[in-house]
Each structure stands twice: as structure tokens, then as C-alpha cells.
Amino acid sequence: MKKYWKTISICFFIVVFISSYYIQKTAMASKNDRSYKIETISGNKEEIENLILQTSYQSNDLYHMLYISKDGSTNPNNQSFFRDLMAPNEPMILRKYIEEHRNFMRGKEFDPRKYFEDKSRLIYTTFLDDGRKEASNVVTLQIDALDKITNDSSSFKIDIPVKASYDWINVNDVYVGNGKINILTTNYLSANYLIKGREELHVYSIDENKKELVKDAILAELVSEERGTSSLRIFNEYNTTTQNENYYLYMVEKYSDRKEDTELEVISSQIYLYNNAKNEAEELTMPEELKPYRKSMLIHKETIYIPVYSANGLTLNRYHIEKKQWDEPLTLQYSSIANENDAPYLRIAEGKFYLVYRVSDGQWLSIVDLRTGGLIYEGKIISEDKKNQEADSSLRIEQLYTMH
Amino acid sequence: MIEVKNVNKKYGRKQVLKDISFTAEKGEITCLIGINGVGKTTIMKAIMALTPINSGEILMDGEKITKKSFEKITFIPDTITMLPQMKINEAFAFMADFYKSWNPQRAEELLQFFKLDPNERIANLSKGNTAKVNMLLGLSLDVDYLLMDEPFSGIDIFSREQIAEVFTSHLIEERGVIITTHEISDIEHLIDKAVLMDDGAVLREFSVEEVRENEGKSVVDVMREVYRA
Amino acid sequence: MKNYLKLVNFEVNRFFKLYLILIGLTMLSQLIGAGIISQTYMKNAKQLMAENQLSMNQYVEQYGTFSFDRFTDSEWFLLPIFFCIAMLMIYVFFIWYRDWFGKNTFIYRLFMLPTERIAIYFAKLTTIMLLVLGLIALQILLILMEKQIVNKIIPIDLQSNFSIYASSTLNMWRWLYPTSFTEFILVYALGLLFVAVIFTAILIERSYGLKGIFYAIFYGLLSLGVFFAPILLVNVYTNYFYPLEIFLMVLVTSMIVLGSAIWIANHLLKYKIRV
């Protein structure tokens, strides 16, 4: 044995230091791990049955992602190497598709905005090469459709003539209805010495049966000189695929040139609604008193919501698009300790609104029925390890999903 | 018995062994004779599977060489096959570690016979002593067959005598020995069989005793006959 | 098996002196470097504090804290690591060639051992791995010691947070010590694969002489090609494959490369090698 001491001591050294390093590392990592749970205060627990909150917290100068559901919290980054391989970090909403339609999802970009889903079909639209075309003035749009019942998929391509050679076409939303596919895109063109850079908002209308382009409507154009001092904002939710959005809600704003140390001054601010069924846009006028809150508008089905937060609660203003009238606002009384940097999280989905705001010992979740305005669920998101004081304060709500 | 049958070998386009065949019996000393570069060393390497052959067959006691054969046959090349930074006793330990057939008593005996210091580093030994250690490492294995490549070349006269003495001793008895040399005079009286080679081919294989008795010729006489022809 | 272990021990012993030198140089450079860098920092900080009449807190506000990276990015820390890597890379070749070249012809002895010759190949492979991992383990110990040295010289209040257990603090660290143990195994298995391919290439060269150099290069490129085939495929069909599929493909091609390296080495050692 004595003869082997060198080899044995090297082996011993390796095993001891490398294993203790990894043991320690795992221990340290789990020390920074936090766990949260949702504690039901009132209402039916079934309301949070399918709820998943995507949150983040900061620890040791690093951001950590955390999913919180009725079963507690899971850290997607803490998964083992192999779990990571099985279910990589795609947007949650698409993970279900990958699991159920592995082959259809193959090779597709995991961007929820490019997908449309209803009861029978899953549709994916993409501009090949992100809409970049060097030589010819044609870009190719590819549409893949999966019949969820028969599991058959079909695909077709359409060449779309373009005025300019765009650098990039970004799909914002897809609407499918009555044999028509409307794709809301933002087309970018960067400036060079010949042309001015621009940003355009398009709706490409496709006839699904004839497989041809019906209309290419330019809803807004921002030219380079204005760029940086003008902005385009789309209010439709970007991380959803399930609901068919009959309307696209967007806003074009122009600002005066920025002078030193002054706020940007708004010159013009126009809000438009694009009707997908009729393929037409119309401008929306907003009461003067709501204009300051225009940036937090939400659209859900036929209603536009404008939340206004105050010290004692939320007032949710509502505009019914089809009736063209402002309904009585919904209100929710609460007192939050939140400051300006810490706005409440609001999501409207499936006839309910979900509001999460900060309270002294955690975050408060309220679910309100949109039809009746009644509070149907209240719960509190609290840290499971009470020792950790800062645990509560650094948790941020990033997304709220309802999974089916 | 070691049988070399129709062995051919090429280095590139050059044929270094041309249909070589001979046998070496156990209990006999077989000598491969020829000038430098006729392929003597190559045959020995081929027997030990240290170099590939293109065709032919080499058998030891009717079997091909495998890893087990190395307990039964050993090769003493003309340079030492131990690390120069090792001491002699470390070299012994290495051999004892890997070979079942290592015979420590015999190694000790030979050490005394050659008057070598076991604590000496191989790198510090004189040429003659290095050759002795090299020989010692091979001879101390209880093997049936011993291959020695030019054991006398480049060694001083006294060392030569000592090594030659080994051949007449019990250390060699019962074993089959194949030895190469380009200078027959030192060992002519020791060998049982001679294999005369030239240019990669065997010219003649004969029993020294038979030739002496039947034809009254010495090895050198036969060599003259063969090489002058 | 027993002979394999003996051979590993033998190979380790052969490198041990040089290994101790490598360890010594690394320790010397890193430990002294940790002292010098923190002392220089402290001297500078004290001077600034005295000149501007700053308290420690004010100093931190104005000039920031001492980051341990300042040491780990320095030559004191990095040069010995690069030196060790370079030496071991050279030794991957030298571990074979030293047996062929020089006055002694030790390769005769190795090939005449009553053991499968492939055991020599495995023993040398294992030795390289042990030497690499030994240094990897040493660096863990060293960095803990260096942190202690820095702590002795620079007050904690002047230092930024640092932990070797936190993920990816140092660039170098991320490669040598992957995040999880599974990844650690995979990274070093990959290293083993490349060493095996180099070993087999060396044996090809040793078996076929001058022509062997071309064969060896061809073999090396072919192995590399097979190994990278899935990655190439993934680049051509962007997004087409799921991560698990890519991983399995790489696993399969790695197995092919490793399997063929060992098979070829075994064949050459048995039938083709020349000394």
C-alpha cells in the first residue's frame, strides 16, 4: 500500500475537495432559495386551481425566477441538468403545446405572439428570415395550422410584396376568424445614407382558403426623424394565445425634442382601435380625466379597461367598444404599502380581473368577477421561511397565467 | 520450440524480411548471424509482437504470442529497457510487481556475480554495467525462451567475459536462447545452431555439431562458403 | 485490472516530481499575489482616506469596494493556471513519446508486460485525468486560502460580496467548475474524450511512421467531425431539434468517437505498433 501513496493521496484530494465543493455549492444555492405559498383568506380555493404566478426576486445581486401556484413555489433555474433538457425554459404558455404537439412545435419560435389557438386548431405564423429580404422586394409568410382533433397539420407560404426591404418584421398578434387570418406586425427599417429609417404598423389579411394576401394595411408609420421622439404602443396582451382578439388597440404618440433636464412634452397622442372583423381602424377619444392613465390601458374582449390606482384602492374604468359607451367603473377598496416603483400587477382574463399588490407581510391577491364586480377570492402570497426578512420585500410579480 | 514460418515484412517499399523460416529448440542456443541491417533485430521484435509482419506466422510451443506468453519468453534488446532515473533495486521492484516469473533469488545472485551496487541509478552506470543490468533483468525471469540482441556489442573485454560466462552456467540450461551477433568469434563454441542471414533472407540453417562431425567444418568455414558464394 | 492500477501508479510516480513543481509554483504565485494585490489596494486606500480625510464608509461611497475579481483577474492568479494547463497539454503527448525516445527504450518493457497492452493506454489516460482533477481540486483549496489572506489584509467592510459557491462569479471558474455536478462530469468526460482521441492519433503515428502523421491528422479531423456533426446539424436546422434530442445526439456521437478511439488503439497496440 505504501508504494501507492502518491496516487492514493491525489485521488483522496480530488474526491474530498471536488465533492465538498459541489455539496457546499448545492447547500449554498438552496440557502438562497426562497419558498412562497398562497394562503387563502376568503373565497373559493378553486379560483387559484389553475393559477401560476411568474415572479422574481433578488438575492446576492442576482435575479432568480420563481413560479408560485397553489402547491407552493418552484424555481425553474434550480432544476437539474436533465430536467432542464426535458423542459427548457420556454414561456409557460407554450410549454403545454410542446408537450402535447411535440412534432408540430418542432422548429417553431417560442414566441406566444406568433400563435393562435381555439378549440379545434393551433395556428402559427412567421415571416421567414424575420422578414428580411436582401434582393427581391418580396417577403415570405409561412402559416402552419394544426388540427388538434385529428392531429393533422398543414402549412402554406405566401409571398408578400413589400415596398421596402425591411430589416425585421415583428409579429405582434394573430387573429383568425371566418377564413381570415389577420397578422399585426411592426416592420422595422433602419436608416442608411439612402433612406430614412422607419417603423410601420401593419395588418396583413390573409384569405385562408385561397391562400393569398387580401390586404396589407398600414396602420401607422413613424419616420426616422421622428423616431426616438415618437412611440408606438400596442395594448393587446403579448403572452396569450388562447383568446381571439377582435380588436387591436394601439397608440401613436409624438413628443417634442428633448431639452436638457425636462420631461418629454407630448405633442399628439392618438389611440386607435382596429376591428379585425371589418378590417378597419377608428380613432378612440378618451375623457380628459383618464388621459394621464392611458398607458396602462388593457383590452379584454369588447372592453377597454383603464386602471387608476389611489391610496385607498383601484378604480377600473371601462369602455364598451361595441356599445361605444363608458360603463360604470369597478372599484376595489384596499390599502397597500406600495410605492411608485412598486405598482400593483393587474391582469384581466376569462371574465375576471386579478390584482396583486404589496401589503406589509407579503403580497395580496384579489380576484374580482368582471360581470358582477364582486370580490370572489382573496389570498396572500407569503414567504414560507419567516426568518428571511427581505424575502417579502424583493418579490416581484411578473406574470400571471391561468393554465388549462 | 519457437517456429518462424515464411515471415515477410516491408518497411514502405523495402522488403526487410524475405520469407524467413527457422526454428529454435528449447535447451539450445540458436544464433542469428549476419552483418548489421540484415533484419536480425527485426525478427526478434516480430517474435515479441513489437513490430507487425506482413505475412507468415510465428509460434511459441505451437501457439501464437499473447499477453500470457510474456511470462514465458523475454527479449533483451541492445539498450536497457528500464527508466534511467531508476535505481537497480527499484527496477527489480518493478519487475517483481508485474511478472509472476520474476525470480528474486536469481536476481540477487546475478547482482553479486556482476558485482553491481543495487542502490546505483541506472543512468550513472558505465556502458558495460548497463548492459549487465539489462541482461540481469531478462535472465532473472523464469522464462523458457530468451532472445538477446547483440549482447556483446560495444562492451569492454572484461564485461564480455563475464557475460559469456553466463552462457555456460546453469542460468541458460534448459532454456531456449536466440541470440544475434555480427561477430561470431566470441560465442562460436557456445552455440548449438546457426542461422545465416543476408539481406533479409535466411541463407542457411544448420546444427553446429552436425556440420562439425559430418563435414568437419566450423561455423566460420560454413559462413565463408555461404557468403563468398 | 490489477496491472492497470499498478501502471496508473507507475505513471503517476513518473510525473510526480514535475507535478509537485507545478503545485508549488501555483501556490507560490497565487498566495503571494493575493498578499501583494490586497496590500497594494490597502496602501492606496489608506492614502486616499488620509489625504481626503474620508471615513471608511465615505471611501466606499466614492471609490467602491474591493472586488475579489481584482485578484482572480490578475496575472498572479491566472498565469500559473495557464502554465499548468499548458504543461498538462504538452504531457498528453509526452506521456507516450518519452517511452519511445531517448536512450532508454522503455516502451519495449511496457509492451512486453504480461498484460493487455490497452491497459497501458487506459493507465496513461487515467493518469492524465488524475493530474488534471488534482489541480482542479487544489485550486478550490487555494482560492479559500487566498480569500483568507485577502480578509486578513482588507477589512470586510471594504470588500464586495464574494463566494466561490455563487454561480458564475469568475469566467475562468465557470469553465473549470461547471454549475452542477452533472455538468462537471460531462465537461470532464468531454476532456477525457479529446485526450483519448489524441492518444489514438499518437498511436496511429507510432504505428505507421511518416505516413502515420497524415493518417493521424485525418483520424483526428474525422473524430472531430463526427463529434461536431450534431452541432452542425443543429446549426443548419435552427430550432428544429429540442434540447434533449441535441443532447442525446451529442451523447451518441461522443460514444462513437470514444468507442472507435479505444477500438483503434487496441487494434494498433495488438497488431500494428512498432517500437
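For clarity, every value in this text was computed on a predicted model and none was experimentally measured. Naming convention: chains lettered A, B, ... in sequence-line order (proteins, then strands); numbering from 1 in each chain.
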Could you grab the distance from atom CG of L113(C) to atom CD of E71(B), nearest 0.5 Å is fine? 9.5 Å
Would you tell me whether T105(C) and T81(B) have side-chain atoms, one donor and one acceptor, within less than 3.5 Å of each other? no
At a 4.5 Å cut-off on heavy atoms, which part of Y208(C) comes close to chain B: side chain, backbone, both, or neither? neither
In terms of heavy-atom pairs under 4.5 Å with chain C, the winner among M95(B), K100(B), K68(B) is M95(B)
Counting only heavy atoms from other residues, nucleotides and ligands, does the tally under 6.0 Å from NZ of K18(B) exceed 12? yes
Give, as side chain, backbone, both or neither, the part of L7(C) having an atom under 4.5 angstrom from any heavy atom of chain B. both
Segment of Y11(B) engaging chain C (4.5 angstrom heavy-atom cut-off): side chain
State, with a plain yes or no, whether a side-chain heavy atom of Y99(B) is found less than 4.5 Å away from one of M112(C). yes
As a quick check of understanding, evaluate ring-ring contact (aromatic ring centres under 6.0 Å, His included) for F94(B) and F106(C), giving each step before the final call. CA-CA 12 Å; F94(B) 179 89; F106(C) 192 67; 5.7 Å; yes
Looking at CZ of F98(B) and OG1 of T115(C), how far apart are the two atoms once the value is rounded to the nearest 0.5 Å? 8.0 Å
From L50(B) atom CG to R117(C) atom CZ, the distance as rounded to the nearest 0.5 Å: 5.5 Å
NZ of K67(B) to NZ of K270(C), rounded to nearest 0.5 Å, is 9.0 Å
Donor-acceptor contact below 3.5 Å, side chain K45(B) vs main chain R274(C): no
Check whether any side-chain heavy atom of Y271(C) lies under 4.5 Å from a side-chain heavy atom of I53(B), and answer yes or no. no
Determine whether Y108(C) and P77(B) make a side-chain contact, defined as any pair of heavy atoms from C-beta on separated by less than 4.5 Å. yes
